Protein chains: 2
Amino acid sequence: MTAFNNEEDPAYAFVFSRGGDMADMTRVALDAMGGDNAPAQIVRGAVDAVNEHQQIKVFLVGRREEIKRELDQYQFPADRIEIRDATEVIETAEPPVRAIRVKKDSSMVVALNMVRNGEADAFVSAGSSGATLVGGTLLVGRIRGIERAPLAPLIPTRKGVSLLVDCGANVDARADHLLQFAIMGSLYMQHVMGIDHPRVALVNIGAEEDKGNALTKEAYPLLRDCDQINFTGNIEARDIAEGAADVIVCEAFVGNVILKFYEGVAKTLISVIKEGLMSTLISKIGAALALPALKKTIKTFDASQYGGAPLLGVKGLVVKAHGSATAKEIKNSLIQCRQFSKQNVNGYIEEYASRQLAEKGEKNGI
Amino acid sequence: MTAFNNEEDPAYAFVFSRGGDMADMTRVALDAMGGDNAPAQIVRGAVDAVNEHQQIKVFLVGRREEIKRELDQYQFPADRIEIRDATEVIETAEPPVRAIRVKKDSSMVVALNMVRNGEADAFVSAGSSGATLVGGTLLVGRIRGIERAPLAPLIPTRKGVSLLVDCGANVDARADHLLQFAIMGSLYMQHVMGIDHPRVALVNIGAEEDKGNALTKEAYPLLRDCDQINFTGNIEARDIAEGAADVIVCEAFVGNVILKFYEGVAKTLISVIKEGLMSTLISKIGAALALPALKKTIKTFDASQYGGAPLLGVKGLVVKAHGSATAKEIKNSLIQCRQFSKQNVNGYIEEYASRQLAEKGEKNGI
């Protein structure tokens, strides 16, 4: 609301009838070609987002004809969705570094460059995870003082969601990387998810401080002694799904295993339960009666309502949505971008990183 | 059947009426005091095992009076259950190394020493994991040439069970340790579980050979080039619950996370589903109708029917049952010991280890 301070101003009403205040707008470059359901569900997610939220502007990046064909089906404020041409598409199976370097006119590279050039505040893609991570770091770049940009998906728990950081591609992290993950994750949960004093825990194989491998033993005291986070100690994997912490810190190999195992176990268990329910006539009748209530409860375990996974510590914001994302997850990812930029999360991260750089300089007598 | 070759021999009939051939007997030292349900369920498991299987003899190790009080409730062949005195009990919370060193007259130390001295072939406990691992290595000892003794629980999958190796306490393994885990796990699944050419896979964050951290990158070619196992490549955590491999190889930190996360997710999901089923009157009626079929299906996901987790590569056999083990799991663990010793799994492991030592010797020109 920076440009208008009088709600009776006819210009104010005019802007709002068109859908928003252009000076306080979060501009998202959306990879229209990425993901299993592109471009149809991606385009629809963009339309739903601008119709629901007035301070979002979306650039749909990709093949104009295909995007236009989808867009033509919908009603939306015309000044808040714009198509940007990109002729190529990065496929999921392509080696990410090469894809980002060679496919200069891919939807992903064009969209990431918009964030780099300041034309967009954020980037969202349901396409290749590898290319998103590589492109996010290479094209958009890390905030000065941040040594690694971790991928931090929200995972469903009994109590809501937890941020699992790092699930990215950079394995074998150092203890001081884990500390940065913890601080950035904490800022994210506080400002984007609205959780006061988020509980930060370190994934370990025991509750005691001296448990674990070389990395966790080194990271524990760093986390314990950091006054910027609410560190609650080690978390054993058996307590994750119950929601025992808000920010769950681990090295990327472990984070990846947890994230993918979660998906796999949930899928297998639910499918086994379905088989059980369908196995006899009586159980089928029972299932039909129980299903509506069951679906409602299981829905609380759906993390897609919170959007995609942010890559933390990069300039602007890079968000990786699930490859299977539908319009709902895309819409929520766009709203998540708005929340991230409105709450100025990167401002807090920059402040922390520059303070840390200054402290290091002092230590080195600079 | 070595002592008798004529089934008409009256001595044969006499032995079988008493329950078994003493010369072909697997003798198990069972920690009667370990676990949440000790000694009642432990004693009952022993009784069920000797009643069901004629070639098992159990030494119930612990406080004689408490054990006797339980035993007196049952019928069983008297020569196949024997009580051995031990006055102390190692508690779960005790630091394991200290507990094993100090509590010389604990049920665990006395029972482990029976394996060490050759009085028993195997050890089973539902007590402290840490003390079982430490005691198994320190008191029973590793087979010569085996560098680490991994804990290898069977985890339930859609297709049956997989062996997850290592879930022990020794983290930060080397690549050549993982190779030994793979070979021992493979021998176990082949000879104890009866799976021909068990599929061995390495836990990784991608399917491609060059994916992963320093450890998996080094381990992959070792596993690929080993002609003693059926290596099928990397396994992503999302495929574990579907049963995509029979032997799942990973370093202990990762194995621990997978094992405990599995327990946690299953517990949380099942409890959420129960809540859903109980949330309305209609759903309650539905649940009542569906429950019997559902229980039957979910039961296929119960790994306790296969026994406890073996510590591989130690002389004799050390088996860790769940802390919450009931008589059923104890009985199955005892039958598992019988299968392990009858199939001479340690013979195969010793053969491999000594061949490997000889090859190393040749390489070093010895």
Side-chain angles (χ1 to χ4, degrees), chain A residues 130 157-158 169 171-172 203-206 212-214 216 236-243 250-254 256-273 275-280 282-298 300-301, chain B residues 157-158 169 171-172 203-206 212-216 236-243 250-254 256-273 275-280 282-298 300-301:
Chain A
T157 73
R158 199 193 185 103
V171 293
D172 296 324
V203 176
N204 211 332
I205 60 173
N213 57 18
T216 60
E236 285 198 81
R238 71 160 66 88
D239 300 321
I240 291 176
E242 280 293 308
C250 57
E251 177 274 325
F253 191 94
V254 170
N256 242 290
V257 165
I258 291 174
L259 185 69
K260 289 178 183 164
F261 192 50
Y262 207 171
E263 287 172 28
V265 171
K267 203 176 140 195
T268 299
L269 270 182
I270 286 171
S271 136
V272 164
I273 287 167
E275 260 175 39
L277 291 175
M278 291 299 131
S279 61
T280 69
I282 299 282
S283 71
K284 273 185 199 167
I285 297 168
L289 294 174
L291 215 58
L294 197 54
K295 271 195 177 158
K296 202 174 148 199
T297 317
I298 289 180
T300 60
F301 255 71
Chain B
T157 72
R158 200 192 183 102
V171 293
D172 297 323
V203 176
N204 211 332
I205 59 173
N213 57 19
L215 177 65
T216 60
E236 285 197 81
R238 71 160 66 86
D239 300 321
I240 291 176
E242 280 293 309
C250 57
E251 177 273 324
F253 191 95
V254 170
N256 243 290
V257 165
I258 291 174
L259 185 68
K260 289 179 182 163
F261 193 49
Y262 207 171
E263 288 172 25
V265 171
K267 203 176 140 197
T268 300
L269 270 181
I270 286 172
S271 135
V272 164
I273 286 167
E275 260 174 39
L277 291 175
M278 290 299 131
S279 61
T280 68
I282 300 283
S283 71
K284 272 185 201 170
I285 296 168
L289 295 174
L291 215 59
L294 197 55
K295 271 195 177 160
K296 201 173 150 199
T297 317
I298 289 180
T300 60
F301 254 71

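Numbers restart at 1 for each chain; the letters A, B, ... are given by sequence-line order, proteins then strands. Values in this document were obtained by computation on a predicted structure and should not be read as measured data.
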Which region of [X], side chain (C-beta onward) or backbone (N, CA, C, O), has a non-hydrogen atom less than 4.5 Å from a non-hydrogen atom of chain B, or is it both or neither?
{"X": "A:T157", "answer": "neither"}
{"X": "A:E242", "answer": "both"}
{"X": "A:V272", "answer": "both"}
{"X": "A:L269", "answer": "side chain"}

Between [X] and chain A, which part of the residue has a heavy atom less than 4.5 Å away: side chain, backbone, both or neither?
{"X": "B:A266", "result": "both"}
{"X": "B:N213", "result": "both"}
{"X": "B:V257", "result": "both"}
{"X": "B:A214", "result": "both"}

So how far is it from [X] [atom1] to [Y] [atom2], rounded to the nearest 0.5 Å?
{"X": "A:I240", "Y": "B:K260", "atom1": "CD1", "atom2": "NZ", "answer": "11.0 Å"}
{"X": "B:L215", "Y": "A:F253", "atom1": "CG", "atom2": "CZ", "answer": "7.5 Å"}
{"X": "A:D239", "Y": "A:R158", "atom1": "CG", "atom2": "CZ", "answer": "13.0 Å"}

Worksheet entry | Closest non-hydrogen atom pair, A:I282 against B:L289 |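 Looking at all heavy atoms of both residues, the closest pair is CG2-O, 3.5 Å.
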Which one of [options] has the most heavy-atom pairs closer than 4.5 Å to chain A?
{"options": "B:S271, B:G276, B:A237", "value": "B:A237"}
{"options": "B:A241, B:G212, B:A288", "value": "B:A241"}
{"options": "B:N204, B:I205, B:V171", "value": "B:I205"}

Using a cut-off of under 4.5 Å for heavy-atom pairs, which of [options] has the most such pairs with chain B?
{"options": "A:I258, A:L277, A:L291", "value": "A:I258"}
{"options": "A:E263, A:K284, A:M278, A:E275", "value": "A:E275"}
{"options": "A:T268, A:V203, A:I285", "value": "A:T268"}

Worksheet item: Are B:V265 and A:F261 close enough, and set up right, to give a side-chain contact (heavy atoms from CB on, under 4.5 Å), and what steps lead you there?
Response: CA-CA 10 Å; B:V265 171; A:F261 192 50; over 6 Å; no
